[in-house]
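See below for the structure under consideration.
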Amino acid sequence: MAKITALILAAGRGKRMGGRVSKQFLEVEGRPLLTYTLAHFEAHPLIDSLIIVVPAANLDYCREIVKKYSFKKVEKLVAGGKERQDSVYQGLKALTAETEWVVIHDGVRPLISPFVITQVIKRAKETEAAVVGVPVKDTIKMVNSDLSIAQTPPREKLWQAQTPQVFTKELIVKAYQKAKELGWQGTDDASLVEKLGVPVFMVPGEYHNLKITTSGDLVFLREKLKEKDFE
């Protein structure tokens with residue numbers, strides 16, 4: 001049976017949130033935000049193991065979290081890098097030889113549903129590479145440096161990418177190695193795979209699967225947690 005490892009990225013410093021505590025460790029309803037995300041992957045039957053990428057200074061604290069909340073699938077804790085791309089690369093280097101599929105997910109997207117996790121893994125197994133996303137709701141404008149509008153792309157072709165993003169281990173490792181070799185910079189994992197010329201397929205997700213970035217997002221998260229039990 002092909003081993004599936006979820007790489008949970010929690011190495012950010014949360015600059016836009018403000019405060020002294022990184023957003024992934026902020027207390028939400030009595031527990032760290034990150035634990036809500038981990039719980040979904042811990043409980044999911046298709047996920048065999050977890051690798052968590054955290055800031056080097058928080059490794060010991062994260063070990064305490066794993067122990068306190070009994071996350072049995074956590075295989076390794078890895079120190080992240082300066083930027084997200086560096087952190088993913090460190091996580092990929094920590095994969096075991098048995099891993100055949102990699103599920104990459106932002107640690108501060110705690111409202112991901114089990115159904116969406118299942119669907120994106122299923123699609124990736126059919127195609128090698130799949131990502132979760134939602135159609136954009138607003139009209140998008142491309143602008144010039146002076147803020148004049150250069151173009152209005154057709155909205156029906158535009159999707160907002162989220163995570164999880166799922167790939168064969170061979171493919172995503174190759175993409176990141178190539179990026180390091182050639183200096184590629186990507187805004188997400190799929191963009192580096194796209195640079196290899198490999199098609200990546202979109203899987204419809206859910207609008208509430210947002211990345212917790214602002215204090216307003218925290219308010220939304222607390223309201224959603226009241227609607228559903230995420231224990």
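Side chains are part of it too, since the values below use all heavy atoms of this structure and drop only hydrogens, waters and symmetry mates.
Taking OG from S87 and NZ from K82, the interatomic distance works out to 12.0 Å, rounded to the nearest 0.5 Å. Once rounded to the nearest 0.5 Å, the distance linking CD1 of I4 with CG of L50 reads 12.0 Å. With rounding to the nearest 0.5 Å, the separation of CD in Q177 from CG in L182 is 11.5 Å. Note that CG of L77 and CD1 of I51 are 9.5 Å apart. Values are rounded to the nearest 0.5 Å. Rounding to the nearest 0.5 Å places CD of E206 at 8.5 Å from CD of Q162. To the nearest 0.5 Å, atom OG1 of residue T35 and atom CZ of residue F25 are 11.0 Å apart.
Among residue pairs with one or both ends in residues 103-154, those qualifying as ring pair (Phe, Tyr, Trp, His ring centres under 6.0 Å) are F41-H105; sequence neighbours excluded. Within the structure, no pair that satisfies the salt bridge (Lys or Arg N to Asp or Glu O under 4.0 Å) test touches residues 37-51, not counting sequence neighbours. Within the structure, salt bridge (Lys or Arg N to Asp or Glu O under 4.0 Å) pairs that include any residue of residues 164-186 do not occur (at least two apart or interchain). For residues 98-113, the set of pairs meeting the salt bridge (Lys or Arg N to Asp or Glu O under 4.0 Å) definition, not counting sequence neighbours, comprises R84-D106, D106-R109. Counting only residues at least two apart or on different chains, no ring pair (Phe, Tyr, Trp, His ring centres under 6.0 Å) pair has a member in residues 150-183.
Connectivity analysis of hydrophobic side chains (ILVMFWY, heavy atoms under 4.5 Å, direct or indirect) links V136 to I140, L158.
Transitive grouping of hydrophobic side chains (ILVMFWY, heavy atoms separated by less than 4.5 Å) keeps L9 and Y61 in distinct clusters.
A donor atom on one side chain and an acceptor atom on the other are not found under 3.5 Å apart for K73 and S49. Side chain to side chain, H44 and T118 meet the donor-acceptor criterion of an N or O pair below 3.5 Å.
Residues passing the salt bridge (charged side-chain N to carboxylate O under 4.0 Å, His left out) test with R63 are D60, sequence neighbours excluded. Remark: S148 pairs with N144, D146 by the side-chain contact (heavy atoms from CB on, under 4.5 Å) rule, at least two apart or across chains. Among residues two or more places apart in sequence or in another chain, the side-chain contact (heavy atoms from CB on, under 4.5 Å) test is passed with P45 by none. Under the side-chain contact (heavy atoms from CB on, under 4.5 Å) criterion, F201 pairs with R123, T127, P199, not counting sequence neighbours. Residues forming a side-chain contact (heavy atoms from CB on, under 4.5 Å) with L147 (at least two apart in sequence, or on another chain): V143. Under the ring-ring contact (aromatic ring centres under 6.0 Å, His included) criterion, Y207 pairs with no residue at all, not counting sequence neighbours.
Using a 4.5 Å cut-off on side-chain heavy atoms (C-beta onward), L221 and V28 make contact.
Checked by atom type and distance alone, the side chain of Q24 pairs as donor or acceptor with a backbone atom of G12 at under 3.5 Å. Side-chain atoms of Q85 come within 3.5 Å of backbone atoms of G186 as a donor-acceptor pair (strictly under, hydrogens ignored). Between the side chain of H40 and the backbone N or O of P114 there is no donor-acceptor pair closer than 3.5 Å. For the pair K23 (side chain) and I212 (backbone), a donor-acceptor distance under 3.5 Å is present. In this structure a side-chain-to-backbone donor-acceptor pair under 3.5 Å is present from N209 to T163.
Of the charged side-chain nitrogens involved, at least one lies within less than 4.0 Å of a carboxylate oxygen, so that E223 and K226 count as a salt-bridged pair.
In terms of heavy-atom proximity, G107 sits nearest to T37 at O-OG1, 2.7 Å.
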